[in-house]
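Taking it in order: structure first as C-alpha cells, then the write-up.
Treat the numbers as computed from the prediction; the structure is a model and nothing was measured. Counting starts at 1 for both ligands and their atoms, following the listed order. What you see below is based on every heavy atom in this structure, not just the backbone, and it leaves out hydrogens, waters and symmetry mates.
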Amino acid sequence: MDFSTKKAQPETVKTACVVVPAFRNGKLSEAAKRLDRHTRGQLTRALKNSEFNGAPGTTLMLFDVTGIDAPRVLVIGAGKNGELDVADFRKAIQGVLRRLCNAGIGDATLFVSEIKVSDRDEQWLATQIATLGIEAAYRFEVMKSEADKNKSKPLRRLILGTGSTPHRRQQAALARGRAIGQGLNLARDLGNLPPNVCTPDYLARRAREMGRLNRLRVNVLDVADMEKLKMGALLAVARGSRQPAKLISIEHRGGPAKQKPVVLVGKGVTFDTGGISLKPSGEMDEMKYDMSGAGSVFGTMYAVSAMKLPLNVIGLIPATENMPDGQATRPGDIVTSMSRQTIEILNTDAEGRLILCDALTYAERYDPAAVIDIATLTGACVIALGKVATGLFSPDDKLAEEILDAGENTWDRAWRMPVWDDYQEQLKSNFADVANIGGRPAGSVTAACFLARFAKKFRWAHLDIAGTAWKSGKDKGSTGRPVPLLTQFLMNRAGW
Ligand code: BES
Ligand code: MN
Ligand code: ZN
C-alpha cells in the first residue's frame with residue numbers, strides 16, 4: 001500500500017472515496033461543509049436520516065453523491081469537536097479503514113487535518129495513519145486454497161489531502177509509519193504460520209532471505225555450533241525435538257562502526273507442547289505463537305532497515321521446538337548454561353527462560369549498549385496484565401522509562417513490574433545454582449528474575465508479551481506487538 005500527501009480540495013479531488021470528519025450533533029467539519037455546499041446539502045440530509053452520531057469509530061458511507069468529483073464520500077466520526085485522545089483517534093481511523101477495506105475501495109483521500117490529538121503533532125498523526133492502514137489491510141491467506149481467498153479488491157493507496165502545500169516532513173512520517181506497519185505484518189505472518197511450516201529452520205531461511213533483500217548481515221548457528229559454545233540450557237530444550245535448533249543473528253549496522261549496538265533477543269519456540277511437563281490439550285494450537293518474540297525481532301529489524309535508521313541494531317533469535325520425546329529433558333535434570341550457572345529443570349514447560357538465558361550470555365560478545373529480550377514467557381503475565389499491556393521488567397530505571405515512552409507514543413503500551421532480588425528466594429534449588437521455576441506467586445516476576453541472573457553484564461530489559469502478542473477467540477491471530485514499541489524505541493535512540 002502506498003501513502004502520499006496532496007494539495008487538493010475535497011470537492012474536486014480525483015479519488016475513489018473522499019473522507020471527511022463530522023462531529024457530534026451532526027456538526028460538519030470545514031472539509032465536510034465544502035462537500036455539503038457543492039452537493040446542495042446532500043451530506044446534511046444523509047446525516048440527518050442516519051444513526052451516525054459522530055462518535056469515534058462510527059462512519060457513514062454515501063454513494064452517488066452529485067456535484068463533486070469523487071463517487072463516494074465517507075464521513076467519519078470525530079467526537080465533539082475533533083479533539084480526540086489517542087485511543088479515540090485510533091478508533092476513528094480504524095473505523096474508516098475497516099469500511100474502506102470491506103467495501104473493496106482501492107484508494108481514498110483523507111481530509112482529516114481538523115482532527116487533533118493533544119500532545120501529538122501532525123507527523124505523529126501521519127505515522128499512525130500509515131501504520132494503521134497497513135495493519136488494516138492485512139490478510140493471512142497463504143494457507144487457504146484459491147477458492148477460499150478473500151477476493152475483494154485491496155486498499156492500495158491512501159492520500160492525505162491538505163488545503164495548502166503539504167510539508168515534506170509529512171511524507172517522511174508516512175514512510176516511517178508504513179515501515180512500522182510492514183514490520184508489524186511480517187511479525188503477524190510469522191506468528192500465524194502453522195508450526196509444521198514455521199520451524200526453526202524456516203525462521204533461519206526467512207532471516208537469510210530478509211538479509212538478502214534488505215542488506216542485513218545474517219548468521220545462523222546450528223546445534224554443533226551451540227554445543228561448542230556450551231549452550232547447555234538452550235540445547236536441553238531442543239533435545240526433545242526432531243527439528244534442529246538454530247540461533248539466528250540479524251545485524252543492521254546503520255550507525256557509526258564504533259557505536260555499541262542495541263541487541264534484541266526474541267524467544268523463538270516454534271511450538272511449545274510443554275515437553276515432558278506436557279501442557280493440557282485445550283487450545284494447545286495457540287502455542288504456535290510461542291515464537292512471537294522472535295517474530296517481533298524480525299518485524300523490527302525489517303522496519304529499521306526499511307527506514308534506514310542510523311543506529312546499530314542486532315536481532316538474536318534462539319529458535320527451537322519444545323517437544324516430549326524419549327530423548328527429551330526430564331523434570332529433575334540439571335544442565336549447565338553457557339554462563340556456567342547450573343540449572344535444575346523442575347518443569348520442562350518453563351523453557352523460554354532456558355533458551356533466553358544462553359542467548360543473553362551470547363549477547364555479551366556484541367558489547368551491547370542495551371539488551372531487550374521479548375518473549376511470550378508466562379501465563380502469569382496474562383493473568384496480571386491481560387491483553388492490553390506488555391509486561392516490562394528492568395532493573396534500569398532509565399531504560400525502563402525509554403521503553404515505556406516508546407510504548408505510550410505508539411500506543412503499544414507496556415507496564416512496569418518489579419525485578420527485585422527479594423524474589424530470587426523463590427528460585428532456590430536444593431541441587432543446582434538455580435531452579436527454572438519459582439512457584440505460582442508472581443510467576444512472571446520470578447521468570448524475569450531468572451533471566452536477570454544472566455543479564456548482569458549489560459543494561460537490560462525484558463518484555464513479557466504472552467498476553468499482547470496474539471488474540472484468541474473469533475479474531476484469533478497474531479497482533480505483531482510489540483514491533484511499534486521496539487521500532488519507536490530505536491528511532492528515539494537514533495534521535496529521530
Ligand atoms: N509459552 C509459555 C507461556 C504462555 C502461556 C504464553 C500461556 C501464552 C499463554 C511458557 O513457555 C510456559 O509454558 N510458561 C509456564 C511457566 C511455568 C511452568 C512456570 C506457564 O506460564 O505456565
Ligand atoms: Mn512452556
Ligand atoms: Zn513457551
Does a sphere of radius 6.0 Å around [atom1] in [X] hold more than 12 heavy atoms from other residues, nucleotides or ligands, not counting ones at 6.0 Å or beyond?
X      : atom1 : result
Lys457 : NZ    : no
Arg139 : CZ    : yes
Lys230 : NZ    : no
Arg215 : CZ    : no
Trp420 : CH2   : no

Side chains of Val297 and Ile374 in contact at under 4.5 Å (non-hydrogen atoms):
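Yes, side chains in contact.
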How about Phe89 and Trp124: are their ring centroids closer than 6.0 Å?
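Yes: the rings meet the under 6.0 Å criterion.
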So, applying salt bridge (charged side-chain N to carboxylate O under 4.0 Å, His left out) with Arg459, which one of Asp397, Asp396, Asp367 is it?
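When Asp397, Asp396, Asp367 are each tested with Arg459, the salt bridge (charged side-chain N to carboxylate O under 4.0 Å, His left out) holds only for Asp396.
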After noting the C-alpha distance and the side-chain angles of Glu425 and Lys428, does the key distance pass the salt bridge (Lys or Arg N to Asp or Glu O under 4.0 Å) rule?
CA-CA 6 Å; Glu425 283 298 312; Lys428 285 218 164 112; 3.4 Å; yes
Sequence neighbours left out, what passes ring-ring contact (aromatic ring centres under 6.0 Å, His included) with Trp470? Give chain and number order.
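Counting only residues at least two positions away or on another chain, Trp470 forms a ring-ring contact (aromatic ring centres under 6.0 Å, His included) with Tyr289.
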Per-ligand residue contacts, ligand 1, heavy-atom threshold under 4.0 Å
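Ligand 1 pocket, heavy atoms under 4.0 Å: Lys267, Asp272, Lys279, Met287, Asp290, Asn347, Asp349, Glu351, Arg353, Thr376, Leu377, Thr378, Gly379, Ile437, Ala466, Trp470.
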Everything protein-side that's N, O or S and under 2.8 Å from the Zn ion (ligand 3): list it, residue and atom.
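Listed by chain and number, the atoms are Lys267 NZ, Asp272 OD2, Asp290 OD2, Glu351 OE2.
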Assess whether a salt bridge exists between Lys267 and Asp464, defined as any Lys/Arg side-chain N lying under 4.0 Å from an Asp/Glu carboxylate O.
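Result for this pair is no, no salt bridge flagged.
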Grab the two heavy atoms, one from Ala236 and one from Val335, that are nearest each other, plus how far apart they are.
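That would be CB-CG1, 3.8 Å.
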Among Arg253, His252, Arg208, Glu251, which residue satisfies the side-chain contact (heavy atoms from CB on, under 4.5 Å) criterion with Leu216?
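Single side-chain contact (heavy atoms from CB on, under 4.5 Å) partner of Leu216 among Arg253, His252, Arg208, Glu251: His252.
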Please indicate how many protein N/O/S atoms are found closer than 2.8 Å to the Mn ion (ligand 2), with waters neither displayed nor included.
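Considering protein N, O and S only, the Mn ion (ligand 2) has 4 within range.
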